[in-house]
Number of protein chains: 2
Amino acid sequence: MLTSRDVEAILIQHGYRLTRPRAAVVDAVLKYTHPFTAEQLVADVGTGKGGSIGRATIYRTLEILASLDVLTRLIQPDGHPAYICDSLGHRHHIVCSGCGTAVAFTFCPVQELVPALARDTAFEIHDHLLEVFGVCPSCQVSATSAGGPRA
Amino acid sequence: MLTSRDVEAILIQHGYRLTRPRAAVVDAVLKYTHPFTAEQLVADVGTGKGGSIGRATIYRTLEILASLDVLTRLIQPDGHPAYICDSLGHRHHIVCSGCGTAVAFTFCPVQELVPALARDTAFEIHDHLLEVFGVCPSCQVSATSAGGPRA
DNA sequence: TCATCAACTGATACCAGGTGTCAACTGGTG
DNA sequence: CACCAGTTGACACCTGGTATCAGTTGATGA
Ligand SMILES: [Mn+2]
Ligand SMILES: [Mn+2]
Ligand SMILES: [Zn+2]
Ligand SMILES: [Zn+2]
């Protein structure tokens, strides 16, 4: 589990200034257990709302944190991006279409496919995107009774 | 290779009416060789532009065609969706970050992963999303000289 | 401790892509 | 050819995201 201190160290280590807004975003980000969207964060710490951080700063900071691998950007079933902070390193997620809960997995089936793809297509492969969608256990139960939760 | 007639038959087969706008969208769609966005199609056959079809109709028709597996919806390197019509069936694409060109591949490395994921996470798995990003051969060359093409 | 200044911020305005509405229209059927 | 559910498209609207830029501030070193 990453702490605010850890993340702050990482920021400094990469030449970023440790600013008040940045620290606040980091703190907020680490509190989420589920994937969250940029707009959710805007609602939580954005100007006028809970905090006083500009929309642009929030978007910028998320980008930085993702580039430093502190956050993983994933794609929700609705196609919109979200962020999650589980831990460092390459991973993918299985995301619940009902409640948004994500579970990470570290085995990447694409990696072993890359050489063959590169050879067959002559593409220079740089990146990939993999999301698995489904319904989590608790949403499976609520599907039989009411509509699933959303938090 | 799918023809307009084929697609029209598929539409009717699924209880959709064969309307003038729908046919025009189908025709336009089949002419693309590269992935295209909804807005691109709006520019091509949208009201006032080349044609006279409303934005809403275009978006609706694309959704229908994707649901019928006539089109595959893929995600571009910039994160925005695009459509491509190669042929029917489950496939994924490797997309060029330079020019948007996509090459399909039919081998899906996720399929064999699903049982283990379902067992480990207790999720009910419904779908997945896989895109591979890179640079196509022709954009690799132009990278050394000018900026890559865009068509 | 303080002066300096590049990095950073956030208000504002803007934009693209996409959706909801609803009166008018039309393909297909009998 | 009358009928009407399915469909259309103009329009208003919304969300998520970006560009700009004058003002602010964290880090550095004197
Ligand atoms: Mn991977
Ligand atoms: Mn697949
Ligand atoms: Zn769930
Ligand atoms: Zn290319």
Side-chain angles (χ1 to χ4, degrees), chain A residues 4 7-28 35-68 71 73-83 100, chain B residues 4 7-26 28 35-68 71 73-83 100 150:
Chain A
S4 311
V7 177
E8 289 170 9
I10 292 174
L11 281 171
I12 289 169
Q13 209 168 16
H14 286 81
Y16 291 103
R17 283 204 193 155
L18 190 51
T19 65
R20 204 64 65 187
R22 230 109 89 163
V25 169
V26 167
D27 282 353
F36 57 92
T37 64
E39 288 301 319
Q40 229 163 95
L41 202 44
V42 169
D44 284 0
V45 299
T47 309
K49 321 301 176 91
S52 61
I53 306 174
R55 175 197 243 44
T57 300
I58 291 174
Y59 275 88
R60 287 188 286 238
T61 306
L62 287 176
E63 242 157 75
I64 291 171
L65 294 178
S67 82
L68 298 179
L71 296 179
R73 188 202 308 263
L74 53 84
I75 295 201
Q76 295 173 301
D78 68 3
H80 291 158
Y83 297 85
Chain B
S4 311
V7 178
E8 289 170 8
I10 292 175
L11 281 171
I12 289 170
Q13 210 168 16
H14 287 81
Y16 292 104
R17 284 205 192 151
L18 189 51
T19 65
R20 204 65 64 188
R22 233 114 81 168
V25 169
V26 167
F36 57 91
T37 65
E39 288 301 319
Q40 228 164 95
L41 203 45
V42 169
D44 283 1
V45 299
T47 308
K49 322 299 176 89
S52 61
I53 305 174
R55 175 196 242 55
T57 299
I58 290 173
Y59 276 88
R60 287 189 285 239
T61 306
L62 287 176
E63 242 158 74
I64 291 171
L65 294 178
S67 81
L68 298 179
L71 296 179
R73 187 201 309 262
L74 53 83
I75 296 201
Q76 295 174 302
D78 67 3
H80 291 160
Y83 297 86
R150 242 299 160 181

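Owing to the predicted nature of the structure, the values given are computational and were not obtained by experimental measurement. What's counted below: heavy atoms across the whole structure, side chains too, no hydrogens, waters or symmetry copies. In what follows, chains carry the letters A, B, and so on, assigned in the order in which the sequence lines appear, proteins first and then strands, with residues in each chain numbered from 1.
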Side-chain H-bond candidate by donor/acceptor type, Y16(B) with E8(B), under 3.5 Å: no
5'-most by nearest nucleotide on DNA chain C - A56(B) or P21(B): A56(B)
Outermost nucleotides of DNA chain C that come under 4.0 Å of a non-hydrogen atom of chain A: dA6(C) to dA11(C)
Rounded interatomic separation in angstrom, taking CZ from R20(B) and P from dT8(D): 12 Å
Separation of atom CD1 in I12(A) from atom C1' in dT28(D), rounded to whole Å: 13 Å
Sugar-phosphate, base or nothing in reach of T19(A), heavy atoms under 4.0 Å: sugar-phosphate
Least distance between heavy atoms, I58(B) atom then V42(B) atom: CD1-CA, 3.7 Å
Sugar-phosphate only, base, or nothing, as touched by T47(B) at under 4.0 Å among non-hydrogen atoms: sugar-phosphate
Whole-Å distance separating the CG atom of L18(A) from the C1' atom of dT25(D): 12 Å
Separation of dG16(D) C1' from D78(A) CG (nearest whole Å): 12 Å
Test item: R73(A) side-chain N/O and P81(A) main-chain N/O as donor-acceptor pair under 3.5 Å: no
5' precedence on DNA chain C between R17(B) and T37(B) (nearest-nucleotide basis): T37(B)
Short side-chain donor-acceptor distance under 3.5 Å, Y83(A) and E63(A): no
Touch class at under 4.0 angstrom, heavy-atom based, for R60(A) against every strand present: base
Within-4.5 Å side-chain heavy-atom neighbours: L68(B) and H14(B): yes
Nearest-angstrom distance from the residue atom CD of E63(A) to C1' of dG16(D): 13 Å
Nearest-angstrom distance from the residue atom CG of L62(B) to P of dT8(D): 12 Å
Sugar-phosphate, base or nothing in reach of R55(B), heavy atoms under 4.0 Å: base
Protein-nucleotide distance (R73(A), atom CZ; dG17(D), atom P), rounded to Å: 9 Å
Nearest heavy atoms of L41(A) and A28(A), plus distance in Å: CD1-CB, 3.8 Å
Length of the OH-C1' vector between Y16(B) and dG6(D), whole Å: 11 Å
Nearest-0.5 Å distance, CD1 of residue I64(A) to CD1 of residue I10(A): 13.0 Å
